[in-house]
Novice: 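Have a look at the structure that comes next, please.
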Amino acid sequence: MTYGDQMRAEGWKNTYDQKPEKPGMYLVEDHNHNRFTAEFAINEFKVPVWIGNRGYDICWWKEKE
């Protein structure tokens with residue numbers, strides 16, 4: 001099982017494949033495998049952005065439980 005398969009089995013979504021449907025706070029994992037909470041928003045240019053990404057690109061996200 002690949003890392004991606006394992007993440008999907010645990011309910012995570014890859015940010016390159018799918019963005020959240022609505023703005024809000026989500027659990028995320030970055031390229032360095034750090035997990036934390038970040039805000040997903042649509043900026044003034046109508047571009048989806050992650051706020052609070054701590055310097056690394058966010059790879060995985062899922063709804064906060």
Side-chain angles (χ1 to χ4, degrees):
M1 178 181 283
T2 68
Y3 187 71
D5 292 337
Q6 178 184 348
M7 292 294 281
R8 286 180 186 89
E10 294 175 11
W12 293 85
K13 296 176 178 67
N14 189 291
T15 192
Y16 299 105
D17 298 334
Q18 182 179 2
K19 303 283 189 237
E21 293 180 11
K22 61 185 190 274
M25 299 300 289
Y26 293 86
L27 298 174
V28 297
E29 182 176 295
D30 65 18
H31 279 287
N32 212 27
H33 301 290
N34 297 309
R35 290 188 180 181
F36 52 94
T37 302
E39 181 181 0
F40 178 77
I42 306 297
N43 71 14
E44 64 271 15
F45 303 107
K46 308 291 187 227
V47 175
V49 295
W50 288 101
I51 300 168
N53 66 359
R54 300 185 184 184
Y56 293 99
D57 288 338
I58 291 174
C59 296
W60 298 94
W61 65 273
K62 74 176 185 176
E63 299 277 338
K64 287 180 66 176
E65 298 175 355

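Sequential numbering from 1 along the given sequence is applied to the chain's residues.
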Novice: Measure the spacing between CG of N14 and NZ of K19 and express it to the nearest 0.5 Å.
Specialist: 8.5 Å

Novice: Sort and list the pairs that fulfil salt bridge (Lys or Arg N to Asp or Glu O under 4.0 Å) and have at least one residue in residues 37-47, not counting sequence neighbours.
Specialist: none

Novice: Return the set of residues passing salt bridge (Lys or Arg N to Asp or Glu O under 4.0 Å) with D17 (not counting sequence neighbours), or none when no residue passes.
Specialist: R8

Novice: Ignoring hydrogens and geometry, is there a side-chain-to-backbone donor-acceptor pair from N43 to F45 under 3.5 Å?
Specialist: yes

Novice: May I have all residue pairs that pass salt bridge (Lys or Arg N to Asp or Glu O under 4.0 Å) and include part of residues 20-32, sequence neighbours excluded?
Specialist: E29-R35

Novice: Following the transitive rule for hydrophobic clusters with a side-chain heavy-atom cut-off under 4.5 Å over Ile, Leu, Val, Met, Phe, Trp and Tyr, establish whether I42 and M25 coincide in one cluster.
Specialist: no

Novice: Do I58 and Y26 have side chains that approach each other closer than 4.5 Å (heavy atoms only, starting at C-beta)?
Specialist: no

Novice: Which atom names give the shortest non-hydrogen contact between W50 and P20, and what distance separates them?
Specialist: CH2-CG, 3.8 Å

Novice: Minimum heavy-atom separation for A41 to P23, with atom names?
Specialist: CA-CB, 4.3 Å

Novice: Indicate if I51 and V28 have the same hydrophobic cluster label, given that clusters are the connected sets of ILVMFWY residues with side-chain heavy-atom separations under 4.5 angstrom.
Specialist: no

Novice: Decide yes or no on side chain to side chain contact (heavy atoms under 4.5 Å, CB included) for W12 and L27, but give the supporting numbers first.
Specialist: CA-CA 9 Å; W12 293 85; L27 298 174; 4.0 Å; yes

Novice: Work out which heavy atom in A38 is nearest to a heavy atom in G52; give both atom names and the distance.
Specialist: CB-O, 4.1 Å

Novice: From T15 OG1 over to W60 CH2, what is the distance, rounded to the nearest 0.5 angstrom?
Specialist: 10.0 Å

